[in-house]
Amino acid sequence: MSHDAVNRKARWALFLDVDGTLLELAETPESVYVPPELRSLLSTTASRLEGALALVSGRTIADLDRLFAPLRLCASGVHGAERRGPDGRLIREPLDLSGLHSVREELAAYARSHQGILLEDKGYALAVHFRLAPQLADSVHALTKRIVERLGPQYVLQAGKCVYEIRPSATTKGTAVRTFMQQSPFLARQPIYIGDDVTDEDAFETVNALGGISIRVGESAPTRATYRLARVADVHKWLRELSVESLLMRGP
């Protein structure tokens, strides 16, 4: 995707997924690699957008801070359940998590008894990763689907790349983007969202409805996004070019 689709007369608000978008996917969430130059690129881009850049991730904000330290960007974590704006204040949605507490040990026992299965406890969500045991994909899906059906409509099953995640239904990446867009410095800007997975589709839909630009990373999957970038490396290149353009628009 070129920058021709971006309204050059508008100020931009940029929302970025992390895994598979800014970072190459890895065997486990902890083993991802963050290139040092990416931290510099994000810092520069955020500055040139006057702070209107936010990470929007399924990871917790604490995890994002660990990955991108010393940066502390505006961010949404765990599919909209956590949010940090430009004032640095961390807001956690007041969600009823008793259902997750009731099934945590059931999922942990499954992970212990199946080699290659990793249970990631995010507080607001429970994610079962099977990247190291792809032959168990159907088994993980069946288990997590049964659990969500038992928990009821307060929870949904979120499919991702080699992961099934049980999370509250009240928040999504789309609700996070919409909330950011109601506050400075995102207010009255053209939103741009870049993501790579089904977890980003709610955000694509929201950005489209707001008259923004939605970009999916990868070539093959069906999507609500209006544009595509092929690889993580292309996202980095696009950000470098966008950063230069934003500087030119602002002038010396």
Side-chain angles (χ1 to χ4, degrees), residues 1-3 6 11-79 82-86 88 90 120 122 129 131 160-163 173 176-177 180 185-186 189 191-197 199-200 203-204 207 212-219 225 227-250:
M1 178 207 167
S2 74
H3 291 104
V6 178
R11 294 191 303 163
W12 306 316
L14 184 58
F15 301 97
L16 300 168
D17 173 50
V18 174
D19 294 274
T21 298
L22 290 176
L23 305 179
E24 299 286 359
L25 296 172
E27 288 188 341
T28 67
E30 293 78 18
S31 60
V32 295
Y33 172 67
V34 183
E37 59 271 19
L38 178 60
R39 295 183 179 90
S40 177
L41 176 59
L42 290 173
S43 178
T44 300
T45 305
S47 176
R48 291 176 178 173
L49 294 179
E50 301 170 311
L53 182 153
L55 304 178
V56 182
S57 178
R59 290 178 181 266
T60 64
I61 291 178
D63 202 17
L64 295 175
D65 288 346
R66 176 185 64 81
L67 287 174
F68 294 101
L71 289 181
R72 288 176 62 86
L73 299 166
C74 294
S76 169
V78 201
H79 309 284
E82 301 178 332
R83 189 175 66 261
R84 181 175 64 213
L90 183 62
E120 183 184 9
K122 303 179 182 181
H129 297 266
R131 186 174 300 278
K161 292 180 177 177
C162 295
V163 61
K173 290 183 177 182
V177 168
F180 276 125
F186 302 90
R189 291 173 176 255
I192 304 171
Y193 188 99
I194 310 179
D196 76 303
D197 204 350
T199 63
D200 300 298
F204 294 150
V207 165
I213 301 294
S214 53
I215 307 169
R216 179 143 177 175
V217 182
E219 295 290 356
Y227 297 94
R228 288 188 186 268
L229 290 168
R231 298 173 298 276
V232 169
D234 295 323
V235 176
H236 295 183
K237 179 176 182 290
W238 194 91
L239 288 173
R240 287 192 294 269
E241 294 172 353
L242 182 72
S243 185
V244 169
E245 288 195 13
S246 65
L247 179 62
L248 292 174
M249 287 180 64
R250 288 177 62 185

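For reference, positions follow the sequence shown, starting with 1.
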Distance, nearest 0.5 Å, that separates OG1 of T21 from CG of D197: 8.5 Å

Nearest atoms (heavy-atom pairs only) where L23 meets P35: CD2-CD, 4.2 Å

Residue pair L71 / D65: nearest heavy atoms and the distance that separates them: O-OD1, 4.2 Å

Gap separating the CD atom of E120 from the OG1 atom of T60, nearest 0.5 angstrom: 7.5 Å

From CD1 (I194) to CH2 (W238), nearest 0.5 Å: 4.5 Å

Test: D17 and K173 ion pair at under 4.0 Å: yes

Atom pair CG (D196) and CG (L16), whose distance is rounded to the nearest 0.5 Å: 11.5 Å

Spatial distance of atom CG (L49) from atom CG (L242) [nearest 0.5 Å]: 6.0 Å

Minimum-distance pair of heavy atoms, taken over all atoms of G51 and F186: O-CZ, 4.0 Å

Nearest heavy atoms of A176 and S76, plus distance in Å: CB-OG, 3.2 Å

Test log, rule side-chain contact (heavy atoms from CB on, under 4.5 Å), inputs L239 and L14: CA-CA 10 Å; L239 288 173; L14 184 58; 3.6 Å; yes

L73 versus A46, closest heavy-atom pair with distance: CD2-CB, 4.1 Å

Side chain K122, main chain G58, donor-acceptor under 3.5 Å: yes

Close side-chain approach of H129 and T28, heavy atoms under 4.5 Å: no

Backbone of P29 reached by a side-chain donor or acceptor of R59 within 3.5 Å: yes

side-chain contact (heavy atoms from CB on, under 4.5 Å) evaluation trace for E82 with L64: CA-CA 12 Å; E82 301 178 332; L64 295 175; over 6 Å; no

D234 side, atom CG; R228 side, atom CZ - distance, nearest 0.5 Å: 13.0 Å

Check: residues 37-44 side-chain donor-acceptor pairs under 3.5 Å, at least two apart:
{"residue": "R39", "atom": "NE", "partner": "A69", "partner atom": "O", "Å": "3.0"}
{"residue": "R39", "atom": "NH2", "partner": "L67", "partner atom": "O", "Å": "2.9"}
{"residue": "T44", "atom": "OG1", "partner": "S40", "partner atom": "O", "Å": "2.9"}

Side-chain donor/acceptor of R131 to backbone N/O of K161, under 3.5 Å: yes

Results of side-chain hydrogen bond (donor to acceptor under 3.5 Å, both in side chains) for S57 - residues two or more places apart only: none

Set of residues satisfying side-chain hydrogen bond (donor to acceptor under 3.5 Å, both in side chains) with respect to H236, sequence neighbours excluded: none

Side-chain touch V177/Y193, heavy atoms, less than 4.5 angstrom: yes

Heavy-atom closest contact (A52 atom, W12 atom, distance): CB-O, 3.7 Å

